[in-house]
Amino acid sequence: MAGPHDLAFDPWDPAFVADPYPAYAELRARGRVIRYEPTDQWLVPHHADVSALLRDRRLGRTYQHRFSHEEFGRTPPPPEHEPFHTLNDHGMLDLEPPDHTRIRRLVSKAFTPRTVERLRPYVEGLANDLVAALVGNGGGDLLTDVAEPLPVAVIAEMLGIPEADRGQLRPWSADICGMYELHPSEETAARAVRASVEFSDCLRELIAARREDPGDDLISGLIAAHDEGDRLTEQEMISTAVLLLNAGHEATVNATVNGWWALFRNPDQLAALRADHSLIPSAIEELMRYDTPLQLFERWVLDDIEIDGTTIPRGSEIAMLFGSANHDPAVFTDPARLDLTRKDNPHISFSAGIHYCIGAPLARLELTASMTALLQQAPTLAPAEEPTRKPNFVIRGLEGLGVEVR
């Protein structure tokens, strides 16, 4: 039993959040599963275990398809949080089969390699325009000038969200994602609830408009699938759209700024990349491994499991540490070293199993487009100052990344 004071793992310590990787090494040395009292979770730090558990059907993102809160030994969320949970619990990331299978089958049509390839001219054009504006200004904030607007615009375009409504998407998403941190405050919860209500109302209006006047966007496609017999409730459509926006840009935004900050701190690797743009695909995989955008992924234990002789009973919560798994020396040679030529790189930044990130091909396209544009148009890009890291642990990112084009 590890208490809060005998572990370097401390999600609320700014020093840990600044660099959690040494603490992960200590966790991996402790064993394959560590009970962590402050969050009432079992921490799993090793790549092999995380990879196996992501595919283990005895675990679930929800338990409510099989148990009530009381049967599972859990306290129901407070009634005032209900709008957030209604929105969250009907998205496929927090559903299990058969509902997960039904919704994912419909949504996956929008993320096939062929569909994503059709988006390439739009994504690359937008990335080039955003970088050109940054260069024209002599620099700026890589986060707000390039990293955010690119994926937000792409997912809004896919969903068919009108231009006039797009300004609210990022603030709504940020407020909702606050609830994915460990022990969110009441203030965080209140913001998430308000954003859930406003975002849901916006999408309800959009769904009504698309029913009257369909387009070739994803919302229209989900309505058409519903009318053809693939049943999707309105709440499932709303929750799916919100999940696609949140998941469809949050990781890409953070991978962009975490990645460039890592490059700036490893000038030899940045120089190699600038000299050889064919490294871009392997660089993107390595940067996602090196400083993982999603550090922790939670699962409920639906049936007792055993890890290394320890029985983890039904009703427990497991915290799979993606950041630790991505730095596991059993899988990655010299994991603390940034190596853009790393060939064998089975990182799990996009998860695995039935909840593997459906948007991974689109994220890779966006990251490639912005990195290519920055390397081509801003070959002297440099940090203007030391960035401030966001205080969050689960979703890892920077408050901003000031850059200058020298």
Side-chain angles (χ1 to χ4, degrees), residues 1-12 16 20-67 69 71-75 93-97 100 180-183 289 292-333 335-336 344-357 393-396:
M1 293 282 174
H5 301 299
D6 60 351
L7 279 182
F9 179 87
D10 181 356
W12 300 281
F16 167 80
Y21 299 103
Y24 291 152
E26 181 196 299
L27 281 182
R28 291 190 301 270
R30 285 271 183 135
R32 289 172 51 196
V33 62
I34 298 105
R35 182 95 175 96
Y36 189 60
E37 296 290 353
T39 57
D40 191 22
Q41 290 174 322
W42 295 86
L43 306 177
V44 177
H46 289 265
H47 187 283
D49 291 320
V50 171
S51 191
L53 291 171
L54 285 169
R55 298 168 170 86
D56 195 320
R57 303 306 305 130
R58 293 171 298 172
L59 305 182
R61 283 290 292 173
T62 182
Y63 51 80
Q64 294 184 69
H65 60 310
R66 284 183 50 185
F67 308 101
H69 292 297
E71 288 168 336
F72 207 63
R74 293 282 159 176
T75 308
L93 183 60
D94 281 81
L95 289 171
E96 291 297 308
H100 172 274
Y180 304 135
E181 292 301 318
L182 300 172
H183 293 341
R289 178 202 73 81
T292 311
L294 181 69
Q295 290 280 315
L296 175 152
F297 197 62
E298 295 161 329
R299 288 278 171 89
W300 296 105
V301 180
L302 306 176
D303 297 297
D304 293 5
I305 64 169
E306 188 179 300
I307 299 175
D308 198 25
T310 300
T311 298
I312 303 177
R314 185 180 88 188
S316 305
E317 191 175 31
I318 283 183
M320 289 176 269
L321 298 172
F322 283 12
S324 176
N326 281 344
H327 278 245
D328 188 341
V331 177
F332 303 98
T333 305
D344 187 20
N345 191 352
H347 70 76
I348 45 177
S349 300
F350 287 120
S351 192
I354 66 165
H355 291 291
Y356 178 79
C357 176
F393 160 60
V394 176
I395 298 174
R396 181 169 174 79

Student: List the steps, then state whether side chain to side chain donor-acceptor pair (under 3.5 Å) holds for Asp94 with Thr62.
Tutor: CA-CA 6 Å; Asp94 281 81; Thr62 182; over 6 Å; no
Student: Could you walk me through whether His355 and His100 pass the ring-ring contact (aromatic ring centres under 6.0 Å, His included) test, one step at a time?
Tutor: CA-CA 9 Å; His355 291 291; His100 172 274; 4.5 Å; yes
Student: Could you pull out the closest heavy-atom pair between Phe72 and Val301, with the gap in Å?
Tutor: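 Minimum heavy-atom contact is CZ-O, 3.2 Å.
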Student: How about Thr292 and Asn326: does a side-chain donor come under 3.5 Å of a side-chain acceptor?
Tutor: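 Present: a donor and an acceptor within the cut-off.
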Student: Please round to the nearest 0.5 Å and tell me the distance separating atom CZ of Arg66 and atom CD of Gln64.
Tutor: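 Taking CZ in Arg66 and CD in Gln64, the distance rounds to 13.5 Å.
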Student: With the side chain counted from C-beta on, respond yes when Leu27 and Tyr36 share a heavy-atom pair under 4.5 Å apart, and no when they do not.
Tutor: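 No, every pair of side-chain atoms sits at 4.5 Å or beyond.
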Student: Looking only at heavy atoms, what is the nearest atom pair of Arg61 and Trp300, with distance?
Tutor: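 Reported closest heavy-atom pair: O-CD1, 3.4 Å.
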Student: Please determine, by modelled atom types, if Arg28 and Ser324 share a side-chain donor-acceptor pair under 3.5 angstrom.
Tutor: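 Arg28 vs Ser324: donor-acceptor pair found between side chains.
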Student: Would you say Cys357 and Ser351 make side-chain contact, with heavy atoms under 4.5 Å?
Tutor: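 Heavy-atom side-chain distance check fails, nothing below 4.5 Å.
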Student: As an exercise, state the distance from CZ of Phe297 to CD of Gln295, rounded to the nearest 0.5 Å.
Tutor: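 Separation between the atoms: 14.0 Å.
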Student: Give a yes or no on whether the ring-centroid distance for Tyr21 and His327 is below 6.0 angstrom.
Tutor: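 Yes, the ring centres sit under 6.0 Å apart.
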Student: How close do Gly31 and Pro45 get, heavy atom to heavy atom, and via which atoms?
Tutor: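 So the minimum-distance heavy-atom pair works out to O-CG, 3.7 Å.
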Student: Is any side-chain heavy atom of Leu294 less than 4.5 Å from a side-chain heavy atom of Arg396?
Tutor: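 The answer is no, as the side chains (C-beta and beyond) never meet within the 4.5 Å cut-off.
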Student: State, yes or no, whether a side-chain contact exists between Thr333 and Asp344 at a heavy-atom distance under 4.5 Å.
Tutor: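 With C-beta onward as the side chain, the pair stays apart.
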Student: Check Leu182 against Trp12 and note the closest heavy-atom contact, atom names and distance.
Tutor: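 Closest approach of Leu182 to Trp12, heavy atoms only: O-NE1, 3.6 Å.
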Student: Check the angle between the aromatic planes of Phe350 and His347 and answer parallel, tilted or perpendicular using the 30° and 60° thresholds.
Tutor: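 Ring orientation of Phe350 relative to His347: tilted.
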Student: Which atom pairs, donor and acceptor, lie under 3.5 Å between side-chain atoms of residues 50-59 and protein residues at least two apart or in another chain?
Tutor:
from  : atom 1 : to    : atom 2 : distance (Å)
Ser51 : OG     : Arg55 : NH1    : 2.8
Arg55 : NH1    : Ser51 : O      : 2.8
Asp56 : OD1    : Arg58 : N      : 2.9
Asp56 : OD1    : Arg58 : NE     : 3.1
Asp56 : OD2    : Arg58 : NE     : 3.4
Asp56 : OD2    : Arg58 : NH2    : 2.8
Arg57 : NH1    : Glu96 : OE1    : 3.4
Arg57 : NH2    : Glu96 : OE1    : 2.7

Student: Nearest heavy-atom pair of Phe393 and Phe9: which atoms, and what distance?
Tutor: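 Looks like CZ-CE1, 4.0 Å.
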Student: Determine yes or no for a side-chain-to-main-chain donor-acceptor pair under 3.5 angstrom, with Glu181 supplying the side chain and Val394 the backbone.
Tutor: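 Yes; judged by distance alone, with no hydrogens or angles, the pair exists.
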Student: Taking the six-membered ring for Trp, are Phe332 and His47 ring centroids under 6.0 Å apart?
Tutor: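 Centroid separation for Phe332 and His47: below 6.0 Å.
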Student: Step by step, work out the salt bridge (charged side-chain N to carboxylate O under 4.0 Å, His left out) result for Asp328 and Arg289.
Tutor: CA-CA 11 Å; Asp328 188 341; Arg289 178 202 73 81; over 6 Å; no
Student: Please determine whether side chain to side chain contact (heavy atoms under 4.5 Å, CB included) holds for the pair Val331 and His46, giving the CA-CA distance in whole Å, both sets of side-chain angles, and the decisive distance to 0.1 Å.
Tutor: CA-CA 9 Å; Val331 177; His46 289 265; over 6 Å; no
Student: Kindly say whether Tyr180 contributes a backbone atom to a donor-acceptor pair with the side chain of Glu298 at under 3.5 angstrom?
Tutor: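 Side chain of Glu298 to backbone of Tyr180: no pair is present.
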Student: Below 4.5 Å, heavy atoms only, C-beta onward: do Arg32 and Ile307 meet side chain to side chain?
Tutor: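 A side-chain contact under 4.5 Å exists here.
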Student: Taking NZ, NE, NH1 and NH2 as the nitrogens, is one of them in Arg74 or Asp40 under 4.0 Å from a carboxylate oxygen of the other?
Tutor: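 Answer for the salt bridge query: yes.
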Student: Are any of the side-chain heavy atoms of Leu43 and Val33 separated by less than 4.5 Å?
Tutor: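 No; the side chains remain at least 4.5 Å from each other.
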Student: For residues 312-323, tabulate all N or O donor-acceptor pairs below 3.5 Å that involve a side-chain atom, not counting sequence neighbours.
Tutor:
from   : atom 1 : to     : atom 2 : distance (Å)
Ser316 : OG     : Pro313 : O      : 2.7
Glu317 : OE1    : Gln41  : NE2    : 3.3

